[in-house]
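Structure first, commentary second.
It should be emphasised that the depicted structure is a prediction, and the values quoted were computed from it without experimental measurement.
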Protein chains: 2
Amino acid sequence: MRSYGQFCGLAKALDVVGDRWTLLIVRELLLQDAARYTDLRHGLPGIATNLLAERLREMELAGLVSREQAPPPVATALFRLTPRGRELEPVVRALGAWAGPLMRQWTPDQAFRSRWLALPVEFYLTDRTPARPPVTIQVHTGDEPMLIETVLGAVKARPGSAPDADAVLTGPPHLVMGLLSGRMPLATARAKGLHFRGNFAAVRRLQPKR
Amino acid sequence: MRSYGQFCGLAKALDVVGDRWTLLIVRELLLQDAARYTDLRHGLPGIATNLLAERLREMELAGLVSREQAPPPVATALFRLTPRGRELEPVVRALGAWAGPLMRQWTPDQAFRSRWLALPVEFYLTDRTPARPPVTIQVHTGDEPMLIETVLGAVKARPGSAPDADAVLTGPPHLVMGLLSGRMPLATARAKGLHFRGNFAAVRRLQPKR
DNA sequence: CGGCATCCACAGTGATACTG
DNA sequence: CAGTATCACTGTGGATGCCG
């Protein structure tokens with residue numbers, strides 16, 4: 001991208017991360033820690049492969065991303081965020097928070113990956129009663145099952161399944177998020193097509209921060 | 001800009017503010033409150049006039065900006081941020097903070113506007129001893145003189161001159177910021193071409209937050 | 001002068017095909 | 001799997017013109 005040529009922090013930051021796709025690549029690497037090229041492609045539906053290659057090169061040059069050759073069993077390149085790249089987390093967080101009101105509708109033409117749930121869940125949810133025994137919520141939405149767990153007051157999300165989860169949510173992502181955030185009552189979510197099974201108290205443990 | 005088509009907060013936010021120049025227009029309106037088209041052009045060196053017009057139209061449509069017809073003495077359109085637009089301040093702040101390390105060099109080919117000082121000053125500086133009488137620092141750098149003042153523990157910056165300022169700084173912007181942030185010792189700044197006059201204790205009142 | 005619209009050369013983007 | 005190559009298309013920036 002052409003530089004703005006302005007001596008201003010915002011402009012300088014955008015000179016580096018303002019390119020199309022760049023911050024979404026940061027998102028994927030915040031979520032995956034180390035990712036192969038193909039993992040990134042899967043997490044970035046819509047990206048052209050040449051653009052992904054070009055962005056990774058630029059981001060490596062800018063010191064945001066490191067590329068390492070994985071040991072023989074894998075024998076492929078792994079991409080990670082450098083510490084400097086990980087410092088973009090507050091930027092991703094701020095943009096995500098701002099987008100909250102834009103996330104109440106979902107249409108099937110919008111691509112969705114289950115892992116993306118982890119960002120809003122970990123950034124904006126907290127455990128209302130951290131002293132009580134931890135809970136596990138199974139979520140079926142998107143491309144792979146996800147687990148949401150309370151850990152020492154925080155809420156974590158990761159891909160996985162737990163047959164003994166306290167609650168199981170199945171349905172489109174905006175209903176899942178509406179319910180998890182406490183914004184949408186269970187009855188409403190159900191009426192709109194969410195399937196819920198288990199102990200709803202486990203869901204009520206979650207609460208937006210602040 | 002073409003939509004990413006992803007149901008993800010970050011992607012949705014970038015669908016709205018990811019266009020080139022959009023966040024810089026937000027910056028100008030955070031700094032100026034109400035700005036005429038020409039003010040915006042001056043604050044956005046390098047922007048093509050058709051692009052500014054197009055962005056303003058898009059931002060109005062997205063609910064970020066409002067356009068009002070100023071009363072007869074001015075008789076021109078004034079642009080403001082809507083409340084929704086002003087909620088982008090944390091995004092601008094996060095990107096600006098991330099850019100900190102990129103702001104230590106300045107070359108004359110980089111455009112600079114004195115008003116831009118207000119963002120780092122008000123976001124990241126605080127008054128070390130708020131109980132003591134307020135201080136005023138006059139800064140000469142960029143296109144117009146600026147005043148930096150301590151107000152109830154906060155630090156404010158605005159265009160203007162005060163003949164009785166406690167301190168006067170004259171020189172290139174990176175030296176001014178280096179000195180104000182306390183990162184650069186006075187001797188170093190002077191050696192590099194900053195002119196300082198007055199009471200240095202006034203400058204030492206300022207301190208990066210946290 | 002303020003507030004654009006138009007035109008043009010060019011750089012960035014995205015779909016597809018291809019390669020080691 | 002991990003890209004590179006190609007190419008049509010779109011967005012950008014610079015210049016200029018127009019109109020109240």
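What separates CG of A:Leu51 from P of D:dG11 is a distance of 14 Å, to the nearest Å. One can place CG of B:Leu44 at 15 Å from C1' of D:dT12, the figure rounded to the nearest angstrom. Between the P atom of D:dG3 and the CZ atom of A:Arg55 lies a distance of 15 Å, rounded to the nearest Å.
Partners of A:Gln110 according to the side-chain hydrogen bond (donor to acceptor under 3.5 Å, both in side chains) rule, which considers only residues two or more places apart in sequence or in another chain, are A:Thr107, B:Lys12. Evaluation of the side chain to side chain contact (heavy atoms under 4.5 Å, CB included) rule for B:Thr126 yields B:Gln207, B:Lys209 as partners, not counting sequence neighbours. Applying the ring-ring contact (aromatic ring centres under 6.0 Å, His included) criterion to B:Tyr4, with sequence neighbours excluded, gives A:Trp21. With sequence neighbours left out, A:Ala154 forms a side chain to side chain contact (heavy atoms under 4.5 Å, CB included) with no residue at all. Residues satisfying the salt bridge (charged side-chain N to carboxylate O under 4.0 Å, His left out) criterion with A:Asp15, sequence neighbours excluded, are absent altogether.
Look at B:Glu54 and B:Arg57 and you find no salt bridge, because none of the NZ, NE, NH1 or NH2 atoms lies under 4.0 Å from a carboxylate O.
Looking at residues 4-24 of chain B, you'll see B:Arg20, B:Trp21 sit with a heavy atom under 4.0 Å from some atom of DNA chain D.
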Exercise answer: donor-acceptor pairs, residues 184-194 of chain B side-chain atoms, under 3.5 Å, sequence neighbours excluded:
{"residue": "B:Arg190", "atom": "NH2", "partner": "B:Phe196", "partner atom": "O", "Å": "3.0"}

If you look only at distance, which donor and acceptor atoms sit under 3.5 Å apart when one is on a side chain in residues 162-169 of chain B and the other is two or more places apart or in another chain?
{"residue": "B:Asp166", "atom": "OD2", "partner": "B:Thr136", "partner atom": "N", "Å": "2.7"}

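Sorted by first and then second residue, the pairs that involve residues 90-106 of chain A and meet side-chain hydrogen bond (donor to acceptor under 3.5 Å, both in side chains), not counting sequence neighbours, are A:Glu89-A:Arg93.
Protein chain B contacts DNA chain C from C:dG2 to C:dA15, reading 5' to 3' and using non-hydrogen atoms of the protein with a distance under 4.0 Å.
Where B:Met1 and A:Thr38 meet DNA chain D, the nucleotide closest to each residue was compared, and A:Thr38 sits on the side nearer the 5' end.
Judged purely by atom type and a 3.5 angstrom limit, A:Arg27 uses its side chain to pair as donor or acceptor with the backbone of A:Gly43. Side chain of B:Asp127 to main chain of B:Val155: no donor-acceptor pair is present (N/O by atom type, distance under 3.5 Å, no hydrogens or angles).
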Please enumerate all protein N or O atoms sitting under 3.5 Å from an N or O of nucleotides 18-20 of chain D, with distances to 0.1 Å.
none

Listing time: all N or O pairs from protein to nucleotides 4-7 of chain D that are below 3.5 Å?
{"residue": "D:dT4", "atom": "OP2", "partner": "A:Arg57", "partner atom": "NH2", "Å": "3.4"}
{"residue": "D:dT6", "atom": "O4", "partner": "A:Asn50", "partner atom": "ND2", "Å": "3.3"}

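B:Tyr37 and B:Thr76 share no side-chain donor-acceptor pair at under 3.5 Å.
Of the options B:Val176, B:Leu125, B:Leu180, a side chain to side chain contact (heavy atoms under 4.5 Å, CB included) to B:Ile148 is made by B:Leu180 and by none of the others.
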